[in-house]
Asks: 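If you scroll down you'll find the structure; I have some questions about it.
The structure presented is a predicted model; accordingly, all values stated were derived computationally and were not measured. Counting convention: from 1, in listed order, for ligands and their atoms alike.
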Amino acid sequence: MLRQIIHLDMDAFYASIEQRDNPSWKGQPVIVVMGLDAPHRHGAVATASYEARRFGVHSAMSLARAKERCPEGVFLPVRLEYYRQVSRQILEIFSQYTPLIEPVSIDESYLDVTENPHNAEDIARIIKQEIKFKLDLTATAGVGSNKFLAKLASGMQKPDGLTVVKPEQVKDFLRELPVEKIIGVGPVTKKKLHTLGIFTVGQLATFDRIKLKERFGKLGLQFHEFANGIDLRPVLPDRTHVQISRETTLGGSYKGEIVPSLHQILIPMAEDIEGHLRKEGYAARTVTVKIRLDNQRQMTRSRTVIGKVKECRELLEIAKSLLDKVDLKGKRIHRIGLSVSNLAFMDDPYQPQLFN
Ligand code: DCP
Ligand code: MG
């Protein structure tokens, strides 16, 4: 089935947030700088509002250069924690339309809306409106049948744009683009492709696959697929921040001496967590045991493993070894909790059907 993918990227993200919060800066060249408040360090531009870009100021430029180009600019320090909060608010809006959200940076995500009965263009438009209405910020969206096309589309009209690439338009859309638009084609590969007479994506698309493979190995085949608008990469929801936890209250009746019985208490929690992980197709990398004592003091012990944990038995083993490290003698235990975090796909990440 043809997929429906939306790529969303916020416009001049940090600068737009600052302009929103300080309306007197709207329409002004705002330049958000990393290291602005640390004068001994060399500041670098994190981003510039579109007004500032007209002066030639852009991300990664040195502060000194930005001041040269735009002396009248409003220079502000980065407030990363705050921007992260806004980023989470944006993800919350997305989550009303699909659970398949893959954030790729603080202001950029892929959404797979194939299962949503509405068409992707309408969803993208509504999401943009909602971001404007609720957060007073603008986003640019691209819609296509895969990630590669959706991202290219969103790059076409910025800011506040919406570009849709319909299946019948893919060929025309790609044909004249420079070959470096292909994922994985950096300056070196670009030169090599140029020596083969390949300057545009259209030329790459019709180039002999076998020759590309000889020249670039497997990557060559990948380039050829992208050039023909094929990209099978699934939208992978980021679950690394999610935690699955179970807790139980012991009411202070448990004394730490009875650690073996604490192990017993962990069993149903571990079983529960195992079931939850299996259902969602995830395994965990981090296991945490939390103990709250009578006097409200809390102890937490975690272990992150190199492999992945998914079975009750493994979970319990780690939990027990964590418990053994805590000195509970003579202490009254009020609550105990077991949780897993740092989630990853249980098997091959190329198995989106795990979600359906
Ligand atoms: N960022 C940064 N340093 C960089 C690039 C970006 O700190 N070298 C930060 C600031 C940006 C945010 O990441 O606001 C998002 O990056 P984008 O590349 O999406 O840039 P903007 O959202 O600022 O602008 P655009 O409208 O081009 O997306
Ligand atoms: Mg952006």
Side-chain angles (χ1 to χ4, degrees), residues 5-22 25-38 41-67 69-70 73-94 101-111 124-125 127-132 134-144 147-163 177-178 180-181 183 186-187 235 238 241:
I5 312 295
I6 305 174
H7 178 257
L8 279 131
D9 187 331
M10 301 300 294
D11 303 320
F13 189 48
Y14 298 179
S16 305
I17 295 173
E18 299 296 348
Q19 287 177 316
R20 170 191 78 174
D21 291 3
N22 304 272
W25 294 334
K26 281 195 177 155
Q28 300 290 315
V30 168
I31 298 160
V32 184
V33 179
M34 231 158 347
L36 184 70
D37 33 13
R41 273 180 39 207
H42 294 293
V45 174
T47 197
S49 69
Y50 279 78
E51 295 84 0
R53 290 180 200 195
R54 274 184 228 121
F55 293 85
V57 179
H58 56 75
S59 295
M61 177 179 273
S62 75
L63 173 59
R65 169 59 71 80
K67 281 197 164 154
R69 294 201 172 174
C70 188
V74 179
F75 290 85
L76 302 170
V78 166
R79 294 192 289 160
L80 197 57
E81 229 357 89
Y82 178 51
Y83 308 145
R84 286 209 180 104
Q85 268 177 36
V86 179
S87 182
R88 283 193 285 273
Q89 292 172 327
I90 296 165
L91 292 178
E92 241 173 77
I93 292 178
F94 296 162
I101 303 160
E102 179 180 337
V104 284
S105 77
I106 192 166
D107 84 326
E108 188 186 335
S109 294
Y110 290 103
L111 278 62
R125 187 174 302 112
I127 287 177
K128 274 166 56 66
Q129 282 166 2
E130 209 170 326
I131 290 174
K132 180 74 194 135
K134 286 194 174 149
L135 303 177
D136 195 16
L137 294 169
T138 62
T140 292
V143 177
K147 284 166 129 179
F148 172 61
L149 293 170
K151 170 135 186 167
L152 277 178
S154 80
M156 302 309 276
Q157 303 180 58
K158 255 187 154 305
D160 202 14
L162 169 57
T163 306
L177 293 178
E180 61 268 29
K181 289 282 183 188
I183 299 162
V235 171
D238 173 24
H241 61 285

Asks: Anything protein N/O/S under 2.8 Å from the Mg ion (ligand 2)? Just list residue and atom, please.
Replies: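 Asp9 OD1, Met10 O, Asp107 OD2, with waters left out.
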
Asks: Where the side chain of Ser87 meets the backbone of Ile106, is there a donor-acceptor pair that is under 3.5 Å apart?
Replies: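 Yes; at least one donor-acceptor contact below 3.5 Å.
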
Asks: I want to check something: taking the side chain as every heavy atom from C-beta on, are Lys128 and Asp160 in contact at a cut-off of under 4.5 Å?
Replies: yes

Asks: On the 0 to 90° scale, with breaks at 30° and 60°, tag the Tyr14-Tyr83 ring pair as parallel, tilted or perpendicular.
Replies: parallel

Asks: Would a distance-only check, ignoring hydrogens and angles, find a side-chain to backbone donor-acceptor pair under 3.5 Å from Ser49 to Gln28?
Replies: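 Judged by distance alone, yes, a pair lies under 3.5 Å.
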
Asks: Test your reading of the model: is there a side-chain donor-acceptor pair from Gln19 to the backbone of Trp25, 3.5 Å cut-off?
Replies: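 Yes, Gln19 side chain to Trp25 backbone: donor-acceptor pair under 3.5 Å.
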
Asks: Between the side chain of Arg69 and the main-chain N/O of Phe55, is any donor-acceptor distance below 3.5 Å?
Replies: no

Asks: Please tabulate protein-ligand N/O pairs under 3.5 Å for ligand 1, atom names and distances to 0.1 Å.
Replies:
residue: ligand 1; atom: 1 (N); partner: Ala46; partner atom: O; Å: 3.4
residue: ligand 1; atom: 14 (O); partner: Phe13; partner atom: N; Å: 3.4
residue: ligand 1; atom: 14 (O); partner: Tyr14; partner atom: N; Å: 3.1
residue: ligand 1; atom: 19 (O); partner: Asp9; partner atom: OD1; Å: 3.2
residue: ligand 1; atom: 19 (O); partner: Asp107; partner atom: OD1; Å: 3.2
residue: ligand 1; atom: 19 (O); partner: Asp107; partner atom: OD2; Å: 2.9
residue: ligand 1; atom: 22 (O); partner: Met10; partner atom: O; Å: 3.0
residue: ligand 1; atom: 22 (O); partner: Ala12; partner atom: N; Å: 3.4
residue: ligand 1; atom: 22 (O); partner: Phe13; partner atom: N; Å: 3.0
residue: ligand 1; atom: 22 (O); partner: Asp107; partner atom: OD2; Å: 2.8
residue: ligand 1; atom: 23 (O); partner: Phe13; partner atom: N; Å: 3.2
residue: ligand 1; atom: 23 (O); partner: Thr47; partner atom: OG1; Å: 2.5
residue: ligand 1; atom: 24 (O); partner: Ala12; partner atom: N; Å: 3.2
residue: ligand 1; atom: 24 (O); partner: Arg53; partner atom: NH2; Å: 2.8
residue: ligand 1; atom: 26 (O); partner: Ala12; partner atom: N; Å: 2.8
residue: ligand 1; atom: 26 (O); partner: Tyr50; partner atom: OH; Å: 2.6
residue: ligand 1; atom: 26 (O); partner: Lys158; partner atom: NZ; Å: 3.0
residue: ligand 1; atom: 27 (O); partner: Arg53; partner atom: NH1; Å: 3.0
residue: ligand 1; atom: 28 (O); partner: Asp9; partner atom: OD1; Å: 3.2
residue: ligand 1; atom: 28 (O); partner: Met10; partner atom: O; Å: 3.1
residue: ligand 1; atom: 28 (O); partner: Lys158; partner atom: NZ; Å: 3.0

Asks: Return yes when atom NZ of Lys181 has more than 12 non-hydrogen atoms of other residues, nucleotides or ligands closer than 6.0 Å, and no otherwise.
Replies: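 Counting neighbours around NZ of Lys181, 12 or fewer heavy atoms of other residues, nucleotides or ligands fall under 6.0 Å, so no.
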
Asks: Side chains of Asp11 and Thr140: do they bring a donor and an acceptor to under 3.5 Å?
Replies: yes

Asks: Under 3.5 Å, is there a donor-acceptor pair between the side chain of Arg53 and the main chain of His58?
Replies: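 Absent.
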
